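Have a look at the structure below before the remarks.
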Amino acid sequence: MCGIVAYIGKKQAFPIVLKGLKRLEYRGYDSAGVALLNNGSLNIYKRSGKVSNLEGFALKSDVEGNAGIGHTRWATHGAPNDVNAHPHFSNDGTLALIHNGIIENYDILKKDLTSKGYTFKSETDTEVLVHLIDDIRKNENVWFGEALRRALHHVVGAYAIVVISKDEPNKLVAARKSSPLVVGIGNEGDFYLASDATPIVEYTKNVVYLEDEEIAVIDLAEGLRIYNIGDQEKTPYVQQLELELAALEKGGYEHFMIKEINEQPRSIQDCFRGRLNATEGWVSLGGIREYEQKMINANRMIIVACGTSWHAGLVGEYLIEDLARINVEVEYASEFRYRNPIITENDIVIAISQSGETADTLAALELAKSKGATILGICNVVGSSISRITDAGSYTHAGPEIGVASTKAFTAQVTILTLMALSLGHKKGMINDSKFHTLLAELEAIPDKVKTVLESNKAIEKIAEEYKNASNALYLGRGSSFPVALEGALKLKEISYIHAEGYPAAEMKHGPIALIDENMPVFVIATHGNSYEKVVSNIQEVKARKGKIVAIVTQGDKHVKELADHIIEIPETDEFLVPLLATIPFQLLSYHIAVMRGCNVDQPRNLAKSVTVE
Ligand code: G6P
């Protein structure tokens with residue numbers, strides 16, 4: 001987490017860095033800071049709270065300078081206050097540094113540097129870096145870029161770092177390991193650096209994604225040079241950004257989250273564009289095509305992910321096991337990586353990640369790779385770390401997701417998993433042609449059906465009004481609707497801070513039923529399908545204990561309507577595709593409840609969109 005931005009060139013750095021920080025605020029928003037180089041002086045401005053606090057504070061000064069570095073923080077070590085905010089600077093005020101990641105051995109380094117006389121102003125792990133570089137620079141008599149390279153040999157942990165020096169105002173040096181960093185090559189001999197491409201796209205489409213343990217040396221006289229930490233020079237691989245600026249704006253909506261919820265008819269369509277043709281009867285995920293036979297023959301597939309992406313993985317498990325009859329396990333990446341899992345060369349490990357940067361998911365993949373498994377990725381962010389280390393994969397093409405609570409990325413992930421299940425199932429002969437064609441046609445109709453669900457927005461807002469003051473909520477579903485219940489509960493708790501739990505409906509009897517009284521809303525997915533009658537019985541059990549039922553039902557359903565306090569209808573579809581529709585009312589419900597409770601929907605407290613620390 002944390003977002004970093006830097007600029008060096010002829011333009012004023014402050015507006016560029018500040019705008020970039022606002023775009024990166026989804027990565028952390030507890031404090032922010034910038035350092036600007038102006039005519040031989042290095043000025044640092046830092047403030048706790050959001051980037052707008054920093055802006056108000058810094059603009060009281062003249063904020064001039066053609067080189068600058070900026071940071072928006074998500075605290076790991078040390079409280080979110082002005083002092084702990086980045087940039088951190090050397091004791092003599094020559095160097096300033098920003099960092100995203102965690103320095104695991106900071107304690108030892110700090111003791112050593114303290115014994116050499118360095119004083120620490122903050123409680124952060126980051127500050128050791130700037131003193132370490134400064135120490136090497138002075139003692140080994142090298143310039144600050146070389147000092148950074150040497151310093152990295154002493155550092156254990158994850159980092160994206162940018163350093164600026166008052167002594168060499170034409171240079172910026174950056175390095176990365178496990179935390180992302182992109183260099184933008186400007187059109188006016190200038191350069192940009194950022195945690196992702198969103199602060200850069202406005203100025204240039206030419207970017208270089210740094211690889212692990214690479215160092216970027218930017219010199220206005222000599223341009224961009226890339227080295228590894230062994231000091232071997234590498235040829236920069238310049239890529240063209242496909243990102244459009246408009247996709248990063250709110251487009252008239254009050255929040256990114258509601259914009260992104262409403263984008264789902266298009267994002268799902270974009271996800272299967274060119275990959276599905278119901279009329280001609282084919283489905284094809286180009287990115288993984290050459291691995292499909294391996295997937296069919298695999299011992300099992302292991303899906304690793306975190307948060308909402310883990311929920312998508314659970315939906316995938318139901319789909320792939322049922323349609324393709326391949327054994328699937330879904331693991332929290334953070335647990336998987338540390339429990340010495342049994343993995344063989346016949347396993348396929350699939351990471352699902354919106355950002356493609358989640359530290360635990362990345363580490364889980366690295367572990368699987370080291371044991372010889374084939375590793376695949378389902379990512380949204382093009383060029384992200386996960387997409388680059390995997391053998392192959394499929395992008396979700398949902399477009400940038402800025403709201404911290406994931407919405408359109410989830411439905412896009414489920415769409416990819418559905419395409420995968422259909423493709424594998426058909427190739428393996430587990431689905432006959434007629435069922436295959438029916439499912440393809442149903443899937444193709446999903447974007448229009450999502451539009452229909454979105455038309456219930458006003459009705460859902462009214463339901464939200466009724467439950468906005470609840471302290472607890474229960475979400476129930478069966479089969480592939482169980483992960484939808486988990487996702488519904490997660491959406492509510494992360495943005496409205498109401499305690500919510502998702503359960504398989506039948507499990508309710510084994511504990512949660514004890515909580516049910518007239519104050520407990522129970523949100524149930526009760527659509528037509530195999531377990532419909534069973535879910536209806538669960539609803540009756542809740543009603544017998546005076547619980548309140550809000551049920552998602554298939555259009556035209558009469559039975560549940562009589563039992564439930566509120567119903568939300570979704571169009572009829574095949575049971576396999578219900579998650580794509582049923583999840584949307586829960587997103588809207590959480591959104592409205594959070595807005596009514598005055599919560600910061602796009603930037604919920606304590607959360608960050610991209611969790612690049614373990
Ligand atoms: C954070 C975000 C979640 C997201 C999870 C996994 O917790 O707030 O919305 O689901 O990380 O992120 P990923 O980018 O790997 O999907």
Side-chain angles (χ1 to χ4, degrees), residues 1-3 24-30 74 76 100 178-180 195-196 198 256-257 260-261 267 303-316 330-337 349-366 375-390 393-396 398-414 416-417 483-484 486-497 502 583 586-587 590-591 594 599-614:
M1 9 260 273
C2 301
L24 290 182
E25 223 174 358
Y26 72 86
R27 300 177 64 87
Y29 33 83
D30 62 40
W74 185 87
T76 58
N100 163 212
S178 303
S179 298
S195 299
D196 70 30
T198 57
F256 280 110
M257 182 180 178
E260 288 157 6
I261 291 173
S267 54
I303 295 178
V304 291
C306 302
T308 290
S309 299
W310 184 76
H311 295 155
L314 288 179
V315 177
V330 186
E331 303 257 9
Y332 284 117
S334 53
E335 288 299 311
F336 178 82
R337 63 181 287 198
V349 176
I350 307 177
I352 306 179
S353 175
Q354 186 288 127
S355 61
E357 301 293 347
T358 301
D360 284 321
T361 311
L362 200 52
L365 274 187
E366 276 159 0
I375 57 169
L376 306 177
I378 298 176
C379 295
N380 193 38
V381 177
V382 176
S384 55
S385 300
I386 290 177
S387 66
R388 282 181 291 130
I389 72 156
T390 40
S394 294
Y395 283 120
T396 45
E401 191 180 65
I402 314 282
V404 165
S406 184
T407 52
K408 64 174 180 171
F410 173 76
T411 45
Q413 290 163 344
V414 172
I416 292 281
L417 290 159
V484 176
L486 289 177
E487 175 58 12
L490 177 65
K491 283 288 88 77
L492 188 69
K493 67 187 139 194
E494 65 185 346
I495 60 167
S496 71
Y497 318 139
T583 203
F586 286 160
Q587 296 170 347
S590 304
Y591 171 75
C599 299
N600 186 337
V601 175
D602 284 335
Q603 295 175 346
R605 70 184 181 208
N606 303 339
L607 297 182
K609 181 137 195 84
S610 186
V611 182
T612 55
V613 294
E614 350 179 350

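Both counts, for ligands and for their atoms, begin at 1 and track the order of listing. This structure is a prediction, so every number in the text was calculated from the model and none was measured.
Side-chain atoms of E357 do not come within 3.5 Å of backbone N or O of S384 as any donor-acceptor pair. At distances below 3.5 Å, not a single donor-acceptor pair connects side-chain atoms of E260 with backbone N or O atoms of S406. D602 places a side-chain N or O within 3.5 Å of a backbone atom of M257 that can act as its donor or acceptor partner.
Applying the 4.0 Å criterion to heavy atoms of S353 picks out, from ligand 1, the atoms 13 (P), 14 (O), 15 (O), 16 (O). Within ligand 1, the atoms closer than 4.0 Å to a non-hydrogen atom of S406 are 9 (O), numbered from 1 in the order shown. Atoms of ligand 1 found under 4.0 Å from any heavy atom of S309, numbered from 1 in the order shown, are 10 (O), 13 (P), 16 (O).
In this structure, the protein non-hydrogen atom closest to atom 5 (C) of ligand 1 is C306 O, 4.0 Å. Considering only non-hydrogen protein atoms, atom 11 (O) of ligand 1 sits nearest to K609 O, 3.8 Å. Given atom 7 (O) of ligand 1, the protein heavy atom at minimum distance is V611 CG2, 3.9 Å. Of all protein heavy atoms, the one lying nearest to atom 4 (C) of ligand 1 is T308 N, 4.2 Å. Nearest to atom 8 (O) of ligand 1 among the protein's heavy atoms is A608 O, 3.1 Å. Here the heavy atom of the protein found nearest to atom 12 (O) of ligand 1 is T358 OG1, 3.3 Å.
Note that the CG atom of L365 and the CD1 atom of I375 stand 5.0 Å from one another [nearest 0.5 Å]. Here the CD1-CD distance, from I386 to E366, works out to 9.5 Å after rounding to the nearest 0.5 Å.
Geometrically, ligand 1 and E494 share no nitrogen or oxygen pair separated by less than 3.5 Å.
Residue V404 touches ligand 1 through backbone and side chain together, judged by heavy-atom distances below 4.0 Å.
Under the side chain to side chain contact (heavy atoms under 4.5 Å, CB included) criterion, S309 pairs with A305, I352, Q413, not counting sequence neighbours. Checked against ring pair (Phe, Tyr, Trp, His ring centres under 6.0 Å), Y497 has no partners two or more places apart in sequence or in another chain.
Closest of all the heavy-atom pairs between T308 and K491 is OG1-NZ, 3.2 Å.
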